[in-house]
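Worksheet for the structure shown next.
Numbers restart at 1 for each chain; the letters A, B, ... are given by sequence-line order, proteins then strands.
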There are 2 protein chains.
Amino acid sequence: MTAERSTRDRLLDSFETLLVSDGSRAATLEAVAAHAGASKGGLLYHFHTKDELIGAMLDRLRDHAAADVERMRVAPEGPAAYYLNTSVDSGSDFDRALIATARIAQENVDAASETLDAVRADWLAVLFEHLNDRPLAQAIQLMGDGLYFNDTTGNQDPQALTSAHEILKRLGL
Amino acid sequence: MTAERSTRDRLLDSFETLLVSDGSRAATLEAVAAHAGASKGGLLYHFHTKDELIGAMLDRLRDHAAADVERMRVAPEGPAAYYLNTSVDSGSDFDRALIATARIAQENVDAASETLDAVRADWLAVLFEHLNDRPLAQAIQLMGDGLYFNDTTGNQDPQALTSAHEILKRLGL
DNA sequence: GTCTATATTCTGATAGAC
DNA sequence: GTCTATCAGAATATAGAC
C-alpha cells in the first residue's frame with residue numbers, strides 16, 4: 001500500500017538530483033522531464049516556468065528543514081553531533097534538497113539565498129540554545145558547511161567527519 | 001609604466017568574475033567577451049573552445065596556489081590563522097579563481113575537481129607540517145571551507161571568522 | 001494530466017574580412 | 001588579433017490534440 005509518488009513530486013526529485021549531480025546547466029527542463037519519465041509538456045503543466053519549479057523546490061525544502069530542526073532538538077547524541085553527522089551527504093531527501101538549493105543560490109537567485117539563510121539561522125539557533133556559546137556554535141556550523149562543501153565539490157575525505165568529532169571532544173563536548 | 005593587462009588575461013578575469021557573481025549559466029562566451037570588452041570571435045581566437053577557456057583558468061589557479069602556499073608557510077601569524085583569514089573572500093585574484101573553479105567542479109568537470117583537490121591537499125600539508133596534529137589541521141580546513149562556502153552562497157556572517165579564531169585560541173593556538 | 005509539434009531565443013562554434 | 005556574419009543545436013515556453 002505504498003502511496004505512489006506523484007508525477008509532480010518525481011519531477012521535483014529529478015530536478016534536485018540533476019542539480020546535485022551535474023549542476024545547474026545540466027538541469028534543463030527537458031533533462032528533468034526525461035529523468036522523471038515524463039515529457040517537457042507534462043512538466044510545464046505542473047510548473048508553468050522554471051522559476052515556478054525552483055519555487056516549489058524551496059517550499060519543499062522549508063518543510064524538510066522544519067522537521068530536521070525538531071529532530072536535531074531532541075537528538076540523543078546532542079544537537080552538535082547530530083548536526084555534524086547529518087552534514088555529510090547521506091543521500092537523504094533533505095540533503096539533496098539542500099545541496100540543490102545551494103546550487104541555485106549560487107546563481108544569484110534571491111529566493112534561494114534567503115531560504116538557505118533561514119534554514120541555517122534555525123540550525124544555529126538550536127546549536128546556540130543547547131551550547132550557550134556563540135563562537136562554539138558558529139565553529140560547529142562552519143565545520144558542517146565545510147563537510148557539505150566538500151561532499152559537493154566532488155572530493156570527499158572520509159576522515160574529515162572523524163576529525164570534526166575529535167575536535168568537538170577537545171572542546172569539551 | 002603599469003603593464004597593460006592582455007586581452008587574454010582580461011578574458012580569463014571576466015570568465016572568473018561572471019562565474020563567481022552569477023554562476024555557470026551566466027558565464028556564456030558572449031557574456032564573458034562583452035564583460036572583457038571584446039567580441040565572441042575575439043575570445044575564440046584565444047580559446048578555441050569553452051573547455052580550453054576552463055583549462056586556461058585552471059592553469060592560472062595552479063600558479064596562484066603555489067605562490068599562496070609559500071606565503072602561508074612563512075606567514076608571521078602562523079599558517080592556521082593565515083589560512084582562516086584568507087578563507088573569507090577578500091576579492092583577491094586568487095579567491096576569485098578558486099571560487100570560480102569550485103563552480104566548474106560542481107558541474108562534474110574532472111579537471112576542475114582534480115585541481116581543487118590538489119590545492120586543498122597542499123594547504124592541508126602545510127597545516128599538518130606546522131601543527132603535527134591531523135584532526136586539528138582538518139578541522140581548520142573545514143572551517144575555512146565553511147567560510148568560503150558562505151561567502152559564496154550570498155550569505156556572509158561577519159562574526160563567523162571571529163568565532164573561528166576564538167575556537168583556535170581555545171584549542172591552544 | 002500528459003503528450004507532440006512548433007515558435008523563439010540563446011549558445012557554442014566556424015568562416016572570412018580587416 | 002580582433003571583428004562581423006552566420007549556422008546548427010539546445011533551451012524555455014506556447015498551442016492544441018488526446
Side-chain angles (χ1 to χ4, degrees), chain A residues 3-60 100-101 103-112, chain B residues 3-60 100-101 103-112:
Chain A
E4 295 294 328
R5 207 150 176 77
S6 68
T7 298
R8 192 192 133 96
D9 272 325
R10 280 187 296 107
L11 287 164
L12 286 171
D13 292 347
S14 294
F15 183 43
E16 291 173 354
T17 297
L18 290 176
L19 280 174
V20 170
S21 58
D22 293 315
S24 187
R25 293 191 102 211
T28 66
L29 298 186
E30 178 133 300
V32 169
H35 187 274
S39 70
K40 222 188 301 190
L43 186 158
L44 285 162
Y45 166 77
H46 292 282
F47 312 101
H48 293 15
T49 66
K50 202 169 189 184
D51 275 1
E52 246 183 74
L53 180 63
I54 292 171
M57 177 182 75
L58 298 180
D59 290 343
R60 276 206 333 186
T101 299
R103 297 276 197 268
I104 299 293
Q106 289 175 348
E107 317 229 289
N108 236 330
V109 177
D110 287 349
Chain B
E4 297 294 329
R5 209 152 175 74
S6 68
T7 298
R8 192 191 132 97
D9 272 323
R10 280 186 298 107
L11 286 164
L12 287 171
D13 293 347
S14 294
F15 183 44
E16 291 173 355
T17 297
L18 290 176
L19 281 173
V20 170
S21 58
D22 294 315
S24 186
R25 287 184 80 114
T28 65
L29 297 186
E30 180 134 299
V32 169
H35 187 276
S39 69
K40 221 192 297 193
L43 186 157
L44 286 162
Y45 166 77
H46 291 282
F47 312 102
H48 293 17
T49 67
K50 202 169 190 184
D51 275 0
E52 246 183 75
L53 180 63
I54 292 171
M57 178 182 75
L58 298 180
D59 290 342
R60 278 208 329 188
T101 299
R103 297 276 197 269
I104 300 293
Q106 288 175 347
E107 317 229 291
N108 239 327
V109 177
D110 287 349

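B/T101 and B/L58 get closest at one heavy-atom pair: CG2-CD2, 3.5 Å. Taking every heavy atom of both residues into account, B/S24 and B/L19 meet most closely at CA-CD2, 3.6 Å.
Atom OH in B/Y45 sits about 16 Å away from atom P in C/dT14, given to the nearest Å.
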Using the 3.5 Å cut-off, write out each protein N or O paired with an N or O of nucleotides 11-18 of chain D and the distance between them.
unit_1	atom_1	unit_2	atom_2	d
D/dT12	OP1	A/K50	NZ	2.7
D/dT12	OP1	B/R25	NH2	3.2
D/dT12	OP2	A/L29	N	2.9
D/dA13	OP2	A/K50	N	3.0

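Under a 3.5 Å cut-off, the side chain of B/R10 and the backbone N or O of B/A36 do form a donor-acceptor pair. A side-chain donor-acceptor contact under 3.5 Å links B/N108 to the backbone of A/S21.
At most 12 heavy atoms of other shown residues, nucleotides or ligands fall within 6.0 angstrom of atom CD in B/E30.
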